[in-house]
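Have a look at the structure below before the remarks.
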Protein chains: 2
Amino acid sequence: MQIINEGITAPIGFKAADAQAGIKYQGRTDMAMVYSEADCTCAGTFTTNVVKAAPVIWDRDVVVKGGSARAIVVNSGIANACTGRDGYEICEKTADATAKALNIKPEQVCIGSTGVIGMQINIDKIVGGVEKLATSLTDGYDASERAAKAIMTTDTVHKMTAAEIELSGKKVTIGAMTKGSGMIHPNMCTMLCYITTDAAISSEMLQKALSASIVDSYNMISVDGDTSTNDTCFIMANGLAGNEMITEDCDDFKTFCEALDAINKDLAKRMAADGEGASHLFEVIVNGAKSKDEAVVLSKSVVGSSLCKAAIYGKDANCGRFMCALGYSGVDFDPDKVDIFFESKAGSILVVSQGAAPLFDEDVALKILSEEAVTVRCEMNAGNSSATAWGCDLTYDYVKINADYRS
Amino acid sequence: MQIINEGITAPIGFKAADAQAGIKYQGRTDMAMVYSEADCTCAGTFTTNVVKAAPVIWDRDVVVKGGSARAIVVNSGIANACTGRDGYEICEKTADATAKALNIKPEQVCIGSTGVIGMQINIDKIVGGVEKLATSLTDGYDASERAAKAIMTTDTVHKMTAAEIELSGKKVTIGAMTKGSGMIHPNMCTMLCYITTDAAISSEMLQKALSASIVDSYNMISVDGDTSTNDTCFIMANGLAGNEMITEDCDDFKTFCEALDAINKDLAKRMAADGEGASHLFEVIVNGAKSKDEAVVLSKSVVGSSLCKAAIYGKDANCGRFMCALGYSGVDFDPDKVDIFFESKAGSILVVSQGAAPLFDEDVALKILSEEAVTVRCEMNAGNSSATAWGCDLTYDYVKINADYRS
């Protein structure tokens, strides 16, 4: 497997475009389209929030009923959530306009929305955007980048990547783009993530690969503990690479899954690092837990703790807060066995030894915590299971961004 | 029942004192003592955090083994949590010094600590403080107030109250003080709360009253989602009021419980309003839930949401965030039945109607959200159960306070 600096149009037969539709943002692009020249198998995972945005309900039907896809249309600015029957009609009209412009079927269109909840979208702006997008589809790095930028909201950087693998002697490519910065605590998969591939793979195996992949990637990040109404991870495979069709668990499937996992973990980490207001990527590794489930719960409890996040922001080696967050996770463990290390490019330091704080060099700890990416490694010494969670620090800017997001 | 402007020394036979011991803070009092002239029955509820501070372990034994108490000694500045065997020895020595100074038994001493986790306390400073405290015990309003102030950490106001009731023809008084501002998400009871009463009541009935009372008071508040290692709620009853001993569920017990509930709810709300950095008391009422448990989960999900808290800070009527937080609570419900109102002294406004956001007057919403105490009322329209949770907004100052708490 080789990671390449490409995006959503890297696989054969995929094109993308961006447009300024004026949905809510002015003076920037706010719509993106992804198009496949050939019919695709597809799979998706969506928010577990009971309150689901209209496009999530639409996309679930695309995956469940059709299993075939040709295009993705995304707008940023308004999330089309808590918008009732009117919001769902926006989806129907968006799919109709896209189908007409691209000469495909409405049920082959995946729709994504991100932004303010509880506000209606102006359908005329969407239709205008769709018409612009459909006539400006291109392939190449630039198109991938422009699409990845158009779906950003409070993100400060766009996020895309791609991987090349070989399946039954054929070069297969997977490309992806994602966005997400606030309301990020995925419980299924995160805000918006779109993946394309030219692999030939059945919908069933594609869903299997995707569902497994999000467990250790998007489901392990948290920016603010708020699971969005719009979380969507959607993958489409057009088979143009010409590999032998994957229809069962085989070596090719394993290779495909490895590449998909690498892409999703990378993008998940980048999303956490670009969390709203973030100044640090905050990684929490839990080793030696009694089970994988417990390792997951422990690592997520620490990565989601407001007090741990504030300590990371302050570069404050306030080790007790990390013990405290392990302690209230709901997992039963012996505190007297726990060791905790602060780690980064600048080194590693033991800050909790057998449950108590030893004397440690505060200057060394400060140096370690001053790096952009900081790891807190918790050794439970109770078993053999591990998990890694990613988040970011809690800063003034997070509060600033969210105290008046709508204006 | 009559609420009176008094505190921990209001019941007959209780005295209190404060002292400057220099534990960590300088130039302010940082130790408090409460003393009963007569032996007390006692009861307590403590943190459910697996990582328990040394004084929590000590106090649990006081309640479980002895059931008799005479004094409470509290220090602020250092929490004595994650301090291993050495930390527990600090408790033993604190109890020994207190017992010697007051001529009581060490196992009659309840110990409380609050402040930084993972730091050892200097026992000489504690012993010095205990000696000062023991010689300056007095009754009266001033002593109650000084004790309530000495146990503060990042609190901006001290919190105390008292209530008078009549039991079997005798006047009975309950007094209380509490502290708590950060690491507040009690899952048993909150940081430190001490209650005294001159009622004659058995330990069993006292524990029953206390355990029931915290469910709708301290267990319904959240400042930051972090359940502390030190949460303690401790009550002692010396019987000096001369009422008929309460040993079973009777009318006197009900009257006692009502007064205890009123005190605890009042102090819980004050603790939420004084959350670290808070500028608003944020009350969430859930009505029409299918069960009490579901109402509790729903209300706590909203009150603990970073995005809802940031919206309250920004006086931003971002109604979708409140729907979103209901949606990811884990409770299953029909979003299309939900109505949400913003309410305060300035009025009431409907911001979500049958799951969708209606057009509402933003100026009216802003006026309502500009009050110090703001209520978000969620009508689930699914059943007959209700719950109320209290929290505060998420502000720059919360981040500031916690980014460098130790220095």
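Every chain is numbered from 1 and lettered A, B, ... according to where its sequence line falls, protein lines coming before strand lines. Worth knowing before you read on, the calculation uses all heavy atoms, side chains too, and leaves out hydrogens, waters and symmetry mates.
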Item checked: Geometric class of the B:Y396/B:Y313 ring pair [parallel <30°, tilted 30-60°, perpendicular >60°] -> perpendicular
Note to self: I'd like to verify something: which residue of A:C82, A:G314, A:G118 has the highest number of heavy-atom pairs under 4.5 Å with chain B?
What the structure shows: A:C82
Checklist line | Top of B:G84, B:A310, B:G327, B:A53 for chain A proximity - count of heavy-atom pairs under 4.5 angstrom | finding: B:G327
Next item on the list: Check each atom of B:D336 against the heavy atoms of chain A and say whether the ones under 4.5 Å are side chain, backbone, both or neither.
Entry: neither
Next item on the list: Tell me, out of B:I312, B:D397, B:D334, B:V399, who's got the most heavy-atom pairs with chain A below 4.5 Å.
Entry: B:V399
Note to self: Please classify the contact between B:S301 and chain A as side chain, backbone, both or neither, with a heavy-atom cut-off of under 4.5 Å.
What the structure shows: neither
Next item on the list: Using the ring of B:F341 (Phe, Tyr or Trp, six-membered ring only), decide whether B:R377 places NZ or CZ under 6.0 Å from its centre and within 45 degrees of its axis.
Entry: yes
Check: Picking from A:S306, A:G330, A:A357, which has the most non-hydrogen pairs under 4.5 angstrom with chain B?
Finding: A:S306
Next item on the list: Evaluate the ring planes of B:F342 and B:F322, with Trp represented by its six-membered ring, and classify them as parallel (under 30°), tilted (30 to 60°) or perpendicular (over 60°).
Entry: perpendicular
Item checked: Heavy-atom pairs under 4.5 Å with chain A, option from B:S305, B:P358, B:A81, B:A311 with the top count -> B:S305
Item checked: Proximal component of A:V351, with respect to chain B [non-hydrogen, under 4.5 Å] -> neither
Checklist line | Which atom of A:K315 lies closest to which atom of A:S370, heavy atoms considered | finding: CD-OG, 3.7 Å
Item checked: Side-chain heavy atoms of B:V338 within contact of B:E379, under 4.5 Å -> no
Notebook entry, point to check: Between B:V352, B:V331, B:D332, B:L394, which has the largest tally of heavy atom pairs under 4.5 Å with chain A?
Noted result: B:L394
Next item on the list: Could you look at A:T83 and say if it's the side chain, the backbone, both or neither that has a heavy atom under 4.5 Å from chain B?
Entry: backbone
Note to self: Could you check whether any side-chain heavy atom of B:L326 comes within less than 4.5 Å of a side-chain heavy atom of B:V302, counting everything from C-beta outward?
What the structure shows: yes
Item checked: Pairs touching residues 77-89 of chain B that satisfy salt bridge (charged side-chain N to carboxylate O under 4.0 Å, His left out), sequence neighbours left out -> B:R85-B:E89, B:R85-B:E92
